[in-house]
Structures are given as C-alpha cells and as structure tokens.
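Every heavy atom of this structure was used, including side-chain atoms; hydrogens, water molecules and symmetry mates were not. If you're wondering where the values come from, they're calculated on a predicted model, not measured in any experiment.
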Amino acid sequence: MTVSETTLGSFDYIVVGAGTAGCLLANRLSADPEVRVLLLEAGGRDDYRWIRIPIGYLYTINNPRTDWCFRTDATPGLNGRALNYPRGRVLGGSSAINGMIYMRGQAGDYDGWRELGNPGWGWDDVVPYFTCHEAYARGADALHGAHGEWRVTAQRVAWPILDAVRAGAAELGIPAVVDFNRGDNAGCGYFEVNQDRGRRWSAADAFLHPIARRPNLTVLTHAQARELILESGEARGVRFWHGDKPCRAEAAAEVVLAAGSIGSPQLLELSGIGRGAVLKRQDIAVRHALAGVGENLQDHLQIRAVYRLHDTLTLNQLARSWTAKARMALQYALFRRGPLSMAPSQLGAFARSQPELDRPDLEYHVQPLSTDKLGDPLHPFPGITPSVCHLRPESRGEVHIQDPDARVQPLIRPNYLATEGDRRTAANALRLTRRLMATRALQPFRPEERLPGPDIADGDDAGLARAAGEIGTTIFHPVGTCAMGPDPAAGAVVDARLRVHGVGRLRIADAAIMPRITSGNTNSPTLMIAEKAAAMLRADRRA
C-alpha cells in the first residue's frame with residue numbers, strides 16, 4: 001500500500017457492519033471475556049431523536065444521517081423507473097429505520113433452504129434461534145420465548161377502518177389471526193412490532209447498548225470497510241476508513257461480514273472475490289473467483305393500490321390539522337400511544353394469489369393513509385393504501401461494484417417483474433385487492449379506486465401488470481446476494497456453516513445468505529441467521 005495506515009492491532013473477530021446482524025454477533029461473541037471483538041460501522045451513532053419515535057421513519061428514510069440513500073438502476077419491469085432503496089447507515093442498521101414488523105416467514109421457507117442442500121436450516125432447526133433472543137409480550141410457549149432481548153409487542157393504536165378491512169378479509173376466507181409467527185402465517189390481523197412501550201426497539205437497543213462497555217469489545221462508528229486483507233487464501237483482517245484516516249485491523253480467528261445484501265457482496269468484490277468479469281472491469285485483481293457474489297438479489301415489490309374513502313377518519317385528516325397534530329404529540333408524550341407510535345403498516349394479511357397454492361404467496365401491508373407517490377403530501381380526503389407484495393418472486397437481480405472505491409454506491413438491479421409468473425401474480429394481487437375493497441364490511445366507507453385506477457379492466461392481465469410496475473416500489477427486503485448452498489459452481493457463496501466457499505476464516509452472517517427470500521418481512525429472520533452464526537463461531541472456536 002502506498003497510503004500510510006494506522007494499525008489498530010489484532011482482535012479475535014472482526015465484524016463488519018453494526019446493523020441488525022452485527023449488533024447481535026458483537027453481543028454473543030464478546031460474551032466470552034477471553035475473546036476480543038472489533039465491530040465496524042460505516043454510519044454514526046443512533047442518537048438521532050427520530051429513531052426512537054416510531055413515526056420517525058418518515059424522517060430517517062432518505063436522510064443521509066441514517067440512510068445510505070441508495071438508488072436502483074432503471075428497471076424495465078417498473079416501466080423504466082429507478083427507486084430509492086433505503087438501507088440503515090447507523091448503529092442498528094435497517095432495524096433503526098424500518099417498519100418494526102416482527103415476522104419470521106413460513107415453515108416452508110426454511111424447509112426449502114434445507115432441501116436445497118443446507119442441513120440445519122429447516123423450520124424445526126431454526127425455531128430455537130428465534131426464541132432464544134425473543135421477549136414475546138404474550139408469554140413463552142413452544143414457539144415463543146419471553147426472556148430474550150428482542151422485544152415483540154402488540155401495537156398501541158387501532159383504526160376502525162382497519163378493523164373493517166379485517167372483517168372484509170374474513171368474507172374472502174382470510175381468517176382473523178393474532179400470531180403470524182407459528183410457521184403458517186395465513187390470515188389477517190394487526191402486526192406485532194419490535195417496540196418497547198411505544199418506542200422503536202432496534203438491534204442496537206436490544207443487543208449492543210447493554211454491553212457496549214465490555215472491555216473486550218471495540219465499536220468504531222464512521223468506519224467504512226474498504227477491503228479484506230487476504231493472505232494464503234484466508235481472511236486475515238480488514239482495511240477501512242475511520243473518518244478520512246486509512247486504518248487496518250487483523251483478525252486472529254475470523255472476519256464476519258454483516259454488512260447486508262448490498263454491503264457484503266460489495267466488500268467481497270472490492271477484495272477480489274467474485275466474478276472475474278466484474279472485477280476486471282474495475283481493474284481489481286481476481287484473488288478468488290466466485291461467480292455467485294452479487295447475484296441472486298431478491299426483494300418484495302410493494303404494489304401500492306390507493307383508495308379514497310368516505311365517512312371515516314384516517315391519518316390524512318389528522319396530518320392536515322394543527323390541533324390534531326398537537327393532540328397526537330401530547331398523547332404520545334404522556335402515554336406513548338396514538339398515531340406517533342404507529343409502525344408504517346398496522347394491519348397485515350397473508351393470502352393466496354391462486355386457490356391451488358399450498359400456502360400464501362401474498363402479503364398485505366395496510367395503512368390508514370394515502371398519497372399518490374411515497375414522499376408526496378397526504379391526500380386532503382380520507383384514504384387507505386392496501387399495499388400487497390408477492391412473497392416468493394421468481395425474478396432475480398444483482399448487486400455489483402461500479403467503482404473500486406468503497407465509498408461509491410454499487411450498481412443495484414432488482415429486476416422486478418422480469419418473469420411472466422411474477423407479472424401474472426401481480427395482476428392477480430390487484431384483482432384480489434379489488435375484491436377485498438368491494439366486501440360488505442367496507443361498503444359503508446364507499447371506497448373509490450384511485451390507483452391503479454378503475455379504467456384498467458379486471459380481465460386485462462397485461463394492463464394490470466403494467467400498472468403494478470407503475471405503482472410498485474421496494475418494501476426494503478433485499479436478500480440473497482451471497483447465497484448459501486453446497487455448490488459454488490451453482491452460484492453458492494457460503495456453505496451451511498456460512499463459511500465463504502474457497503476462502504478460509506471468512507463468514508457472512510446477514511440477509512445476503514438467504515438462498516430464497518422468506519415469506520414475510522426479513523428483519524427478524526436476519527437476527528435468527530446471526531444467532532445461529534454466533535453459535536457456529538463459538539462451537540468452532542471450542543473445537
């Protein structure tokens with residue numbers, strides 16, 4: 001290196017990324033006082049006031065203080081549109097800016113991982129790694145834990161219009177449920193959330209802040225990893241910027257990447273691990289060819305149908321009244337209740353896009369508010385947004401570096417709606433949304449479709465799919481870019497113990513390792529992955 005570096009010395013483990021996975025990994029690995037852990041976070045501390053207030057996601061997303069503010073490439077399936085692509089850039093990562101929804105997915109997701117050649121990742125295998133860190137407000141049972149750090153509570157707000165949607169779903173055979181997290185999430189109910197008495201509960205709150213003073217744990221913020229130190233086919237440390245200062249640290253045991261589905265493949269490629277053609281375009285020497293790095297990107301496309309309502313109260317009216325806003329602020333300040341305690345989506349439903357499916361492939365996120373486009377002012381009339389996403393998309397995208405500088409955003413191509421199957425499911429989802437809004441339970445509110453618009457006929461599959469591309473947006477669930485599997489020739493990046501194929505002393509423990517996306521929100525499955533990874537690291541250290 002021609003740049004003079006500051007050497008921080010040697011640690012047993014270096015964890016790259018203090019997001020959802022990294023906070024838990026730092027907690028578990030540093031629990032052994034003989035183990036020295038370095039945790040690197042490219043963002044800053046999580047002391048911004050809007051992080052803790054649930055409605056504050058409006059001020060943390062697309063804010064460079066807390067968000068990477070990524071943009072996707074123009075996407076053909078979205079009629080050429082590019083999207084903002086939020087990812088947390090702060091202690092706690094995306095758990096500090098996300099929707100706070102606690103959702104594990106379906107048993108079939110994990111059994112599918114195991115069937116792909118990943119032993120130990122079936123539903124029965126992973127449930128203990130969910131429950132061991134769970135603090136479930138309804139109490140412990142065979143599928144829930146009550147004494148962990150990850151708080152799961154009921155929401156502290158309700159809306160009559162959402163109760164009506166739940167009743168309408170029941171008319172369509174989607175039953176009311178309380179607990180979406182027992183392996184079969186079919187049904188409709190209020191989401192349970194990661195909050196503590198009306199305040200956001202991030203991975204940093206749960207796992208990092210309580211142990212931040214451990215003498216064997218070093219946490220560096222504003223520390224942007226720029227490349228792995230590779231020697232003799234093994235990861236021996238990390239080079240990073242600490243502010244503007246180039247630094248390096250060595251790992252006596254292992255380096256663990258927890259930088260997420262964007263950051264982890266980016267760092268591999270910057271270090272010469274990945275597809276030869278991608279690396280050569282950036283004049284990076286190929287240290288280890290691994291074709292799956294950055295491939296297999298999967299995400300849930302949120303199709304935002306919008307309806308105007310009558311004779312009911314939604315957030316649209318409250319947000320336009322200074323008196324109502326003052327009342328909401330006082331309610332939250334005194335009781336930690338009311339609209340300021342809201343998760344972005346309050347009511348959920350899991351349904352089938354086709355009756356012959358054996359399990360739900362659609363998830364609704366229903367919000368008692370409406371706007372033509374995210375970021376625009378709320379409508380001046382009562383409105384509702386019954387968003388729906390395809391849980392198991394066929395389309396696959398990619399994430400690849402487009403500059404050898406770690407501080408330059410990689411290319412993000414989600415490739416939504418690229419297959420006929422995904423377009424057909426999108427059309428079916430919009431048809432089901434229309435059926436839901438036409439149920440008897442909702443007729444007192446006289447719903448009027450604004451998006452995608454009643455001019456598109458129910459039988460027009462191509463028109464509905466095109467409309468889905470026009471109103472669809474990310475729901476912030478990128479996974480899969482360092483997929484787990486037994487065969488690197490088939491695109492696997494890590495094995496079932498999360499070790500990078502062909503590179504010693506290097507693991508990945510975040511959502512990037514999912515071979516297939518889970519059927520629901522992805523934050524808590526990422527915690528499960530980190531919990532299981534920590535157990536593997538401890539076991540291998542003892543061996």
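- With hydrogens and angles disregarded, a donor-acceptor distance shorter than 3.5 Å links the side chain of Arg423 to the backbone of Leu417.
- Remark: Arg396 does not engage Asp422 in a salt bridge, criterion side-chain N to carboxylate O under 4.0 Å.
- Open room surrounds CZ on Arg45; 12 or fewer heavy atoms of other groups in view lie less than 6.0 Å from it.
- For the pair Pro393 and Ile517, the minimum side-chain heavy-atom distance is below 4.5 Å.
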| request: Take Val255 and Arg505 through the test side-chain contact (heavy atoms from CB on, under 4.5 Å) and record every step on the way to the result. | output: CA-CA 6 Å; Val255 175; Arg505 305 191 344 170; over 6 Å; no
| Given Arg214 and Asp32, is the salt bridge (Lys or Arg N to Asp or Glu O under 4.0 Å) satisfied, shown in steps? | CA-CA 10 Å; Arg214 284 179 180 169; Asp32 181 347; over 6 Å; no
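- Phe180 and Phe191 have tilted rings, their planes meeting at an angle from 30° to 60° on a 0 to 90° scale.
- Across Pro486 and Ala492, no two heavy atoms sit closer than the pair N-CB, 4.3 Å.
- Side chains of His300 and Gln302: no donor on one and acceptor on the other come within 3.5 Å.
- At a threshold of 4.0 Å, the pair Asp125-Arg114 counts as salt-bridged, since one of the basic side-chain nitrogens sits closer than that to a carboxylate oxygen.
- In this structure, Glu149 pairs ionically with Arg28, as a charged nitrogen and a carboxylate oxygen lie closer than 4.0 Å.
- How far CZ of Arg516 is from CE of Met484: 11.0 Å, rounded to the nearest 0.5 Å.
- Considering only heavy atoms from C-beta on, Val493 stays 4.5 Å or farther from Asn296 through its side chain.
- Using a 3.5 Å distance cut-off with no hydrogens or angles, the side chains of Asp109 and Thr518 do not pair a donor with an acceptor.
- A distance-only check finds a donor-acceptor pair linking the side chain of Asn27 to the backbone of Phe207 [under 3.5 Å].
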| side-chain hydrogen bond (donor to acceptor under 3.5 Å, both in side chains) evaluation trace for Asp205 with Ser202 | CA-CA 5 Å; Asp205 294 318; Ser202 74; 3.2 Å; yes
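- Using a distance-only test at 3.5 Å, with no hydrogens or angles considered, no donor-acceptor pair links the side chain of Gln298 to the main chain of Gly480.
- Between Arg226 and Glu5 there is a salt bridge, since at least one side-chain N of the basic residue sits less than 4.0 Å from a carboxylate O of the acidic one.
- Rounded to the nearest 0.5 angstrom, Leu537 CG and Leu498 CG are separated by 8.5 Å.
- Under the 3.5 Å distance criterion, the side-chain polar atoms of Asn194 are left unmatched by any main-chain donor or acceptor of Ala203.
- Between the side chain of Arg352 and the backbone N or O of Asp358 there is at least one donor-acceptor pair closer than 3.5 Å.
- In this structure, CG on Leu24 lies 12.5 Å from CG on Asp510, to the nearest 0.5 angstrom.
- When all heavy atoms of Gly274 and Leu279 are compared, the closest pair comes out as N-CD1, 4.0 Å.
- Residues Tyr110 and Val127 form no side-chain contact, since every pair of their non-hydrogen atoms from C-beta on lies 4.5 Å or further apart.
- By the salt bridge (charged side-chain N to carboxylate O under 4.0 Å, His left out) test, Arg200 is found to be paired with no residue, residues two or more places apart in sequence or in another chain being considered.
- Taking the six-membered ring where tryptophan is involved, the planes of Trp113 and Trp121 are tilted, since the angle between them lies from 30° to 60°.
- With Arg497 contributing its side chain and Asp540 its backbone, the two residues share no donor-acceptor pair below 3.5 Å.
- With values rounded to the nearest 0.5 angstrom, Leu411 atom CG is found 12.0 Å from Phe70 atom CZ.
- Here the straight-line distance linking atom CG of Asn521 with atom CG of Leu391 works out to 9.0 Å at 0.5 Å rounding.
- Atoms NE2 and CD, on His477 and Glu363 in that order, are 7.0 Å from each other to the nearest 0.5 Å.
- Across Asp403 and Leu270, no two heavy atoms sit closer than the pair O-CD2, 3.7 Å.
- Between the side chain of Arg392 and the main chain of Pro360, a donor-acceptor pair closer than 3.5 Å is present.
- At least one side-chain heavy atom of Ser524 sits less than 4.5 Å from a side-chain heavy atom of Tyr102.
- Side-chain contact annotation: Glu295 with His400, donor-acceptor N/O pair under 3.5 Å present.
- Judged by distance alone, with hydrogens and angles left aside, the side-chain atoms of Glu41 form a donor-acceptor pair with the main-chain N or O of Gly43 at under 3.5 Å.
- The two residues Val238 and Ala225 make their nearest non-hydrogen contact at CG1-CB, 4.0 Å.
- Side-chain contact annotation: Thr20 with Asn523, donor-acceptor N/O pair under 3.5 Å present.
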| task | Given side-chain contact (heavy atoms from CB on, under 4.5 Å), test Tyr48 with Asn63 step by step and report yes or no. | result | CA-CA 11 Å; Tyr48 185 42; Asn63 179 345; 3.5 Å; yes
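- The aromatic rings of Trp123 and Phe130 lie tilted to each other, with the angle between the two planes from 30° to 60°.
- Side-chain atoms of His390 and Asp361, non-hydrogen and from C-beta on, do get closer than 4.5 Å to each other.
- Between Arg182 and Asp141 there is a side-chain heavy-atom pair separated by less than 4.5 Å.
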| request: Output, in order, the C-alpha distance, side-chain angles, deciding distance and verdict of side-chain contact (heavy atoms from CB on, under 4.5 Å) for Glu269 and Val293. | output: CA-CA 8 Å; Glu269 291 183 342; Val293 172; 3.7 Å; yes
Donor-acceptor contacts under 3.5 Å from residues 81-93 side chains, at least two apart:
from: Arg81; atom 1: NE; to: Leu78; atom 2: O; distance (Å): 3.3
from: Arg81; atom 1: NE; to: Gly469; atom 2: O; distance (Å): 3.4
from: Arg81; atom 1: NE; to: Glu470; atom 2: O; distance (Å): 3.4
from: Arg81; atom 1: NH2; to: Gly469; atom 2: O; distance (Å): 2.6
from: Arg81; atom 1: NH2; to: Glu470; atom 2: O; distance (Å): 3.3
from: Arg81; atom 1: NH2; to: Gly472; atom 2: O; distance (Å): 2.6
from: Asn84; atom 1: OD1; to: Arg71; atom 2: NH1; distance (Å): 3.0
from: Tyr85; atom 1: OH; to: Asp299; atom 2: OD2; distance (Å): 3.1
from: Arg87; atom 1: NH2; to: Phe476; atom 2: O; distance (Å): 2.8

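- Pro404 has its side chain out of reach of Asp283: every pair of non-hydrogen atoms, C-beta onward, lies at least 4.5 Å apart.
- Of all heavy-atom pairs spanning Ala468 and Ile303, the tightest one is CB-CD1, 3.9 Å.
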| task | Kindly determine whether Leu297 and Asn415 satisfy side-chain contact (heavy atoms from CB on, under 4.5 Å), including the steps that lead there. | result | CA-CA 9 Å; Leu297 174 64; Asn415 209 25; over 6 Å; no
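- Residues Thr419 and Glu394 share a closest heavy-atom pair of OG1-OE1, 2.6 Å.
- Considering only heavy atoms from C-beta on, Ser519 stays 4.5 Å or farther from Met103 through its side chain.
- Neither side chain, Asn98 nor Ser95, offers a donor N or O lying under 3.5 Å from an acceptor on the other.
- One N or O on the side chain of Asp67 and one on the backbone of Asn62 form a donor-acceptor pair closer than 3.5 Å.
- Checked by atom type and distance alone, the side chain of Asn181 pairs as donor or acceptor with a backbone atom of Arg104 at under 3.5 Å.
- Residue pairs that meet the salt bridge (Lys or Arg N to Asp or Glu O under 4.0 Å) test with at least one member in residues 8-22, sequence neighbours left out, are Asp12-Arg36, Asp12-Arg541.
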